[in-house]
Amino acid sequence: MELLEIRNVTKVFHTRSFWGKAKEIRALDGVSLTLSKGESLGIVGESGCGKSTLASLIIHLAEPTSGEILLYGRDISHAKEKEVREIRKKIQIVFQDPYSSLSPRMKIGDILMEPARVMGEFSEIHRRQRAEELLEMVGLRKSAMDRYPHEFSGGQRQRISIARALMTRPEILILDEPTSALDVSVQAQVLNLLMDLREQLHLTYLFISHNLVVVRYISDRTAVMEKGKIVEIGTSDHILTHPADPYTKELIAAVPMIGKTFIPPHRIADLG
Ligand SMILES: Nc1ncnc2c1ncn2[C@@H]1O[C@H](COP(=O)(O)OP(=O)(O)OP(=O)(O)O)[C@@H](O)[C@H]1O
Ligand SMILES: [Mg+2]
């Protein structure tokens, strides 16, 4: 049984135009994919193609208009409160912007322990222990517990967001453009950290990005999305070297290259 299976999921938003006319936005249109345990699946596509909408349905911030989302074979797309709490223990998300995702008036220790507190996970002593352990695991010091977000750089904040996401021992980590807001020199460090964590903790990743090369670096398979649909899916290497879809070819053309060689993320930093 697959860890996560998305079956023919559609999400329609109803909004109004500037003139007040009712408008339908088909953010996802019949999306199907599977995520096996331990796999890292990349999702690429340009702005507005529905990547974050897909993430929000998986962690149940919204419900699909139609279709099913199966976690270990059980449909979670219309889960109720108690079940949602269970889902959030298993599936966590790291967002793009490390500046707005950490609340400025809370100490790092409380930021890390909060989700586990709300879910009633572990005793207070255990939560503290786990928070300290995770800080070290993401390359920060335990003393960060008593400091505030503004005392940290963008890269360090993203490390803190990653540590927070790991507090409840999730199986699946959704990474929604986790390095796009960071300086190029810091991006590679955070990507390397994510690679290490995946191995150490046997995590499963859904890695969202508009950069195909970054996705290939971190993902075994890649799905290419365009206007709410998956237009191509396969091993990341194959997609990058033998793209079948014209849209994938366009995405690849937009990636920095020297001659015919793709620049791996740890070299992107050198190019500044
Ligand atoms: N809550 C909402 N209400 C109305 N429309 C929405 C809502 N959320 C997303 N959309 C629309 O759905 C489409 C997909 O948006 P989404 O945020 O999933 O794209 P994305 O691929 O994550 O883009 P980006 O790369 O810019 O983050 C867009 O047209 C967006 O305007
Ligand atoms: Mg998005």
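Counting convention: from 1, in listed order, for ligands and their atoms alike. It should be emphasised that the depicted structure is a prediction, and the values quoted were computed from it without experimental measurement.
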Under 4.0 Å between a Lys/Arg side-chain N and an Asp/Glu carboxylate O for [X] and [Y]?
{"X": "Arg198", "Y": "Asp220", "value": "yes"}
{"X": "Glu124", "Y": "Arg117", "value": "yes"}
{"X": "Arg26", "Y": "Asp29", "value": "yes"}
{"X": "Glu39", "Y": "Lys37", "value": "no"}

Without swapping roles, check the side chain of Arg127 against the backbone of Phe122 for a donor-acceptor pair under 3.5 Å.
-> yes
Pair up each side-chain donor or acceptor in residues 82-93 with any protein partner under 3.5 Å, not counting sequence neighbours, and list the distances.
from  : atom 1 : to     : atom 2 : distance (Å)
Glu83 : OE2    : Arg74  : NH1    : 2.9
Glu86 : OE2    : Lys89  : NZ     : 3.3
Arg88 : NE     : Ile59  : O      : 2.9
Arg88 : NH2    : Ile59  : O      : 3.1
Arg88 : NH2    : His60  : O      : 3.0
Lys89 : NZ     : Glu121 : OE2    : 3.4
Gln92 : NE2    : Arg88  : O      : 2.8

What protein heavy atom sits nearest [atom], and how far off is it?
{"atom": "atom 17 (O) of ligand 1", "value": "Ser52 CB, 3.8 Å"}
{"atom": "atom 6 (C) of ligand 1", "value": "Phe13 CD1, 3.3 Å"}
{"atom": "atom 25 (O) of ligand 1", "value": "Lys51 NZ, 2.8 Å"}
{"atom": "atom 26 (O) of ligand 1", "value": "Ser47 OG, 2.5 Å"}

Indicate yes or no: does an N/O atom of Ala27 lie under 3.5 Å from an N/O atom of ligand 1?
-> no
Return a yes/no value for Cys49: is any of its N or O atoms, backbone included, closer than 3.5 angstrom to an N or O of ligand 1?
-> yes
Under the ring pair (Phe, Tyr, Trp, His ring centres under 6.0 Å) rule, collect the residues that match up with His238, sequence neighbours excluded.
->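 Listed in chain order: His242.
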Using a distance threshold of 4.0 Å (strictly less than), state whether atom 31 (O) of ligand 1 has a protein heavy-atom neighbour.
->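 It does not; no protein heavy atom is within 4.0 Å.
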How about atom 2 (C) of ligand 1: does it have a protein heavy atom within less than 4.0 Å?
->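 Under the 4.0 Å cut-off, atom 2 (C) of ligand 1 does have protein heavy-atom neighbours.
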Could you tell me whether the side chain of Leu102 reaches within less than 4.5 Å of the side chain of Tyr148, counting heavy atoms only?
->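 No, every pair of side-chain atoms sits at 4.5 Å or beyond.
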Which part of Thr53 is near ligand 1, with near meaning a heavy atom under 4.0 Å away: side chain, backbone, both or neither?
->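 Within the 4.0 Å criterion, Thr53 contacts ligand 1 through backbone and side-chain atoms alike.
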Which residue from Thr15, Leu57, Ile25, Val12 reaches closest to atom 11 (C) of ligand 1 through any of its heavy atoms?
->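 Among Thr15, Leu57, Ile25, Val12, the closest heavy atom to atom 11 (C) of ligand 1 comes from Ile25.
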Would you say His78 has more than 12 foreign heavy atoms packed within less than 6.0 Å of its NE2?
-> yes
Say whether Gly48 and ligand 1 are in contact under the criterion: heavy-atom distance to a ligand atom below 4.0 Å.
-> yes
For Glu24, check salt bridge (Lys or Arg N to Asp or Glu O under 4.0 Å) against everything at least two apart and list the hits.
-> none
Between Tyr217 and Asn192, does any side-chain donor sit less than 3.5 Å from a side-chain acceptor?
->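 Short answer, yes.
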Nearby protein N/O/S atoms (those under 2.8 Å) for the Mg ion (ligand 2), with water ignored =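 Under 2.8 Å from the Mg ion (ligand 2) - ignoring waters, which are not counted - the protein N, O or S atoms are Ser52 OG.
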